There are 2 protein chains.
Amino acid sequence: MTVVDAPRARYRQVADELREAIRRGEYRPGDMLPSQPDLARRYGLNQTSINRSIALLRAEGLVRVEHGVGAFVQVVPTVKRTRRVPRPGGGGSSFAEEMRNAGLTPRTQLVSVDTRPAPPAVAERLSIGEDDPVVTRTRHMFASERPVQLATSYIPIAVAGGEDIAHPDVGPTGLYKRLAARGFKVTRFLEEIEARRPDDDEAAFLNLTEAQQVLEVARVAYAGDRAVETVINVFPSQQWRLAYEWPAPGDEQA
Amino acid sequence: MTVVDAPRARYRQVADELREAIRRGEYRPGDMLPSQPDLARRYGLNQTSINRSIALLRAEGLVRVEHGVGAFVQVVPTVKRTRRVPRPGGGGSSFAEEMRNAGLTPRTQLVSVDTRPAPPAVAERLSIGEDDPVVTRTRHMFASERPVQLATSYIPIAVAGGEDIAHPDVGPTGLYKRLAARGFKVTRFLEEIEARRPDDDEAAFLNLTEAQQVLEVARVAYAGDRAVETVINVFPSQQWRLAYEWPAPGDEQA
DNA sequence: TAGTGGTCTAGACCACTGC
DNA sequence: CAGTGGTCTAGACCACTAA
């Protein structure tokens with residue numbers, strides 16, 4: 001239903017055809033695409049143009065390129081993350097649970113626990129001063145040994161008391177119990193979702209191009225009006241679907 | 001903290017410098033960047049390479065290009081869309097309300113109301129047969145006359161009775177009242193969020209490159225176990241931030 | 001018309017990988 | 001080493017917009 005009969009650029013047509021060939025199963029996940037010189041001959045185009053076509057498919061996450069090796073059809077394990085509201089433990093099922101529901105084997109690797117000055121975005125979310133110390137916990141998550149998620153949580157030192165609150169590695173439920181025991185009973189959650197380009201570290205861990213995007217889900221837990229914890233999750237946008245579920249007003253028992 | 005001392009491509013460096021110049025306010029929102037031949041001279045590069053740099057900035061949403069006119073620094077009206085749970089009317093404030101909160105002037109244009117066979121994705125969400133008729137309503141939304149959102153809602157004809165349910169154009173609150181009057185009292189909502197590339201129509205209306213992404217938020221309203229309506233919202237991912245807020249279990253009054 | 005951005009070429013050179 | 005992808009050039013032509 002386009003108004004103008006837009007002539008499609010040839011490098012886009014090539015991308016379309018490759019996309020379609022992948023969809024048809026002509027190239028299967030893990031397969032290597034023909035080399036760029038090959039494709040150039042095949043489509044009567046220059047390698048430069050073919051390179052552009054491949055770049056499109058990379059940005060879509062449909063193809064993964066290894067420099068000096070080749071371009072491979074990407075396995076895209078789409079995972080669904082659901083927040084059911086209300087629900088114990090912050091409203092969400094755990095990462096491990098979600099993974100197993102998707103038929104994948106979860107693994108979480110604790111990268112670091114330390115106390116650091118709060119980055120600006122975190123300070124703002126927690127309503128504390130920049131560089132106020134926060135207990136920081138970083139995890140790398142894998143689904144069947146493929147990196148799929150990156151999570152960092154921050155708790156103001158004034159709330160946490162010390163790093164012990166994060167040791168041994170505890171899930172949200174355990175953490176909120178410990179916070180409650182310290183007098184910070186969590187009453188409310190806020191999640192903000194944003195799409196953005198990955199920074200260098202994220203791109204490296206998640207194996208993304210700069211052209212691809214990530215979803216950042218930032219959750220803040222409040223005890224009354226006081227923000228006591230924030231968790232920042234980063235997902236490759238192509239591999240995830242987020243879901244939120246809640247009862248209609250006046251129908252809270254759902 | 002990159003391990004390898006990656007030599008950055010020159011077209012990326014140019015993009016970095018332009019990005020930085022925009023951040024510094026050297027080019028302000030709405031300003032036109034220098035032409036590609038200009039930039040090529042300035043950076044000692046070919047126009048082809050400069051074009052790549054601009055393409056990067058486009059994909060980031062930092063720059064908007066008008067063919068035959070120039071490249072302009074994008075006004076990024078980051079708009080926040082919040083679902084507060086529970087809350088009357090489906091949990092969300094209206095589009096108009098959100099826009100005014102962001103200091104923008106909202107406008108909604110009703111594009112069409114008709115009865116059509118359900119597209120596959122819609123049929124699945126509504127648990128009806130493909131090609132079962134659904135009352136379909138499409139709206140284009142503008143913020144201060146810039147296109148920012150596209151919404152299509154679907155109601156099975158068996159639920160709606162007829163197209164009248166969508167006339168005159170009604171917001172969600174009015175619609176759910178009418179559905180309740182027809183015996184379909186909405187008790188539960190589900191929203192699924194997905195990042196994907198825009199299709200041609202979406203790209204045309206929202207003025208996006210194929211390299212950019214949109215967020216698709218698909219809401220389904222349930223009356224008991226029966227899906228009675230679904231709305232599919234499409235946003236340019238750069239311009240929006242989604243938020244969900246809910247009380248912790250045992251603290252429902254928030 | 002002149003100026004803008006978009007595409008494409010033919011060829012070159014480089015960086016990376018695996019043999 | 002040969003084969004892969006990534007970048008860049010110099011130049012060309014096209015499409016679109018505004019005057």
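Letters A, B, ... mirror the listed sequences (proteins, then strands); counts begin at 1. Values in this document were obtained by computation on a predicted structure and should not be read as measured data.
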Quiz prompt | Rounded distance (Å) that lies between atom C1' of C/dG6 and atom NE2 of B/His67 | solution = 5 Å
Practice problem: Would you kindly give the CG-to-P distance between A/Leu45 and C/dC8, to the nearest whole Å? | Solution: 7 Å
Quiz item: Does OP1 or OP2 of C/dC8 have a side-chain N or O of A/Tyr11 closer than 4.0 Å?
Solution: no
Quiz prompt | Listed nucleotide nearest any side-chain atom of A/Asn51, set D/dT9, D/dG5, C/dC8 | solution = D/dG5
Exercise. Among the candidates C/dC8, D/dG5, C/dG5, find the nucleotide nearest to the side-chain atoms of A/Ala9.
Key: C/dC8
Practice problem: Please say which of B/Gln238, B/Arg19, B/Gln74 ends up in a side-chain hydrogen bond (donor to acceptor under 3.5 Å, both in side chains) with B/Glu60. | Solution: B/Arg19
Quiz item: Does A/Gln36 put a side-chain nitrogen or oxygen below 4.0 Å from OP1 or OP2 of D/dG6?
Solution: yes
Quiz item: In whole angstrom, what separates B/Arg10's CZ from C/dA12's P?
Solution: 20 Å
Exercise. Please say which of A/Glu130, A/Glu192, A/Glu191 ends up in a salt bridge (charged side-chain N to carboxylate O under 4.0 Å, His left out) with A/Arg125.
Key: A/Glu192
Quiz item: Over how many whole Å does the gap from A/Gln47 atom CD to D/dG5 atom P extend?
Solution: 7 Å
Exercise. Find the distance B/Arg52:CZ to D/dC8:P and express it as a whole number of Å.
Key: 7 Å
Quiz item: Does atom CD of B/Glu124 have more than 12 heavy-atom neighbours, drawn from other residues, nucleotides or ligands, at distances under 6.0 Å?
Solution: no
Quiz item: Do A/Thr115 and A/Glu163 have side-chain N/O donor and acceptor atoms under 3.5 Å apart?
Solution: yes
Quiz item: Which part of the nucleic acid does B/Ile54 contact within heavy-atom distance under 4.0 Å: base, sugar-phosphate only, or nothing?
Solution: nothing
Quiz item: Could you state the CG-C1' distance from B/Asn46 to C/dG6, rounded to the nearest angstrom?
Solution: 13 Å
Self-check item: Whole-Å gap separating C1' (C/dT4) and CG (B/Leu39)
Solution: 12 Å
Self-check item: Whole angstrom value for the distance that separates P of D/dT4 from CG of A/Asp31
Solution: 16 Å
Quiz prompt | Side chain of B/Val69 - closest among D/dC8, D/dT17, D/dG5 | solution = D/dT17
Quiz item: DNA chain C: A/Gly68 or A/Gly44, which has the more 5' nearest nucleotide?
Solution: A/Gly44
Quiz item: Is a donor-acceptor contact shorter than 3.5 angstrom present between the side chain of A/Ser35 and the base of D/dG5?
Solution: no
Quiz item: Taking only side-chain nitrogens and oxygens of A/Arg12, does any of them come within less than 4.0 Å of OP1 or OP2 of C/dT7?
Solution: yes
Quiz item: Parallel, tilted or perpendicular for A/Phe142 and A/Phe205, by the 30°/60° rule?
Solution: perpendicular
Quiz item: In terms of the nearest nucleotide of DNA chain C, which residue is placed more toward the 5' end: A/Thr48 or A/Glu66?
Solution: A/Thr48
